[in-house]
*Asks:* 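The structure is given below, and queries will be raised subsequently.
Naming convention: chains lettered A, B, ... in sequence-line order (proteins, then strands); numbering from 1 in each chain.
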Amino acid sequence: MMAGSESFFEKVYGVARQIPFGRVTSYGAIANYLGGRMSARMVGWAMNNCHVHRYPVPAHRVVNRNGMLTGKHHFGSPLIMQQLLEAEEITIENDRIIHFEEHFWDPSIELKAGND
DNA sequence: GGTGTGACCAGCT
DNA sequence: AAGCTGGCCACAC
């Protein structure tokens, strides 16, 4: 129904905002949850336009597949992303999340796909 | 309306 | 082992 009226971007923002405190996910995981084989590039670019969204998007909880803070430069300062993650009890070292798998939050698993 | 691009991912050389 | 290219799709000019 009208649910599909929302842009793909808003879907990405919706998933990103559902990431619980102290959890992180990857661009590919979100892409996989939304469209299966959709290119993760689109997810990252959606984050680039996150400022367009009405509400703030926890883009700092979204990192690449390796748990690296690849998009930290887009927060205005390369230190913002790390500080935000450290504020959530997440340890960062060398721009990479320590114990990334433990903090990893897969939307396709947590949201079960169908939990509308 | 075509071209370029983008915070990725995975495979190939 | 490490670098690079292709591919994916939606948005901006």
*Asks:* Give the B/S/- string for nucleotides 2-8 of chain B, one per nucleotide from 5' to 3', where a protein heavy atom under 4.0 Å of the base yields B, of only the sugar-phosphate yields S, and otherwise -.
*Replies:* ----BBB

*Asks:* Under 3.5 Å, which donor-acceptor pairs link side chains of residues 55-67 of chain A to any protein atom two or more places apart or in another chain?
*Replies:*
{"unit_1": "A/His60", "atom_1": "NE2", "unit_2": "A/Glu88", "atom_2": "OE2", "d": "3.1"}
{"unit_1": "A/Arg61", "atom_1": "NE", "unit_2": "A/Glu88", "atom_2": "OE1", "d": "3.0"}
{"unit_1": "A/Arg61", "atom_1": "NE", "unit_2": "A/Glu88", "atom_2": "OE2", "d": "3.0"}
{"unit_1": "A/Arg61", "atom_1": "NH1", "unit_2": "A/Ile19", "atom_2": "O", "d": "2.7"}
{"unit_1": "A/Arg61", "atom_1": "NH2", "unit_2": "A/Glu88", "atom_2": "OE2", "d": "2.8"}
{"unit_1": "A/Asn64", "atom_1": "OD1", "unit_2": "A/Asn66", "atom_2": "N", "d": "3.2"}
{"unit_1": "A/Asn64", "atom_1": "OD1", "unit_2": "A/Gly67", "atom_2": "N", "d": "3.0"}
{"unit_1": "A/Asn64", "atom_1": "OD1", "unit_2": "A/Met68", "atom_2": "N", "d": "2.6"}

*Asks:* A/Phe9 has an atom CZ; how far is it from atom C1' of C/dC9, in whole Å?
*Replies:* 10 Å

*Asks:* Check which hydrophobic residues are tied to A/Ile98 through side-chain heavy-atom contacts below 4.5 Å, counting indirect links as well, and list them.
*Replies:* none

*Asks:* Any salt bridge (Lys or Arg N to Asp or Glu O under 4.0 Å) involving residues 68-86 of chain A? Give me the pairs, sequence neighbours left out, ordered by first then second residue.
*Replies:* A/Lys72-A/Asp95

*Asks:* Whole angstroms only, please: what is the CE-P distance between A/Met68 and B/dC9?
*Replies:* 11 Å

*Asks:* Pairs in or reaching into residues 62-99 of chain A: which pass ring-ring contact (aromatic ring centres under 6.0 Å, His included), with residues at least two apart or in two chains?
*Replies:* none

*Asks:* Going by the rule side-chain hydrogen bond (donor to acceptor under 3.5 Å, both in side chains), which residues pair with A/Asp106 if we only count those two or more places apart in sequence or in a different chain?
*Replies:* A/Ser108

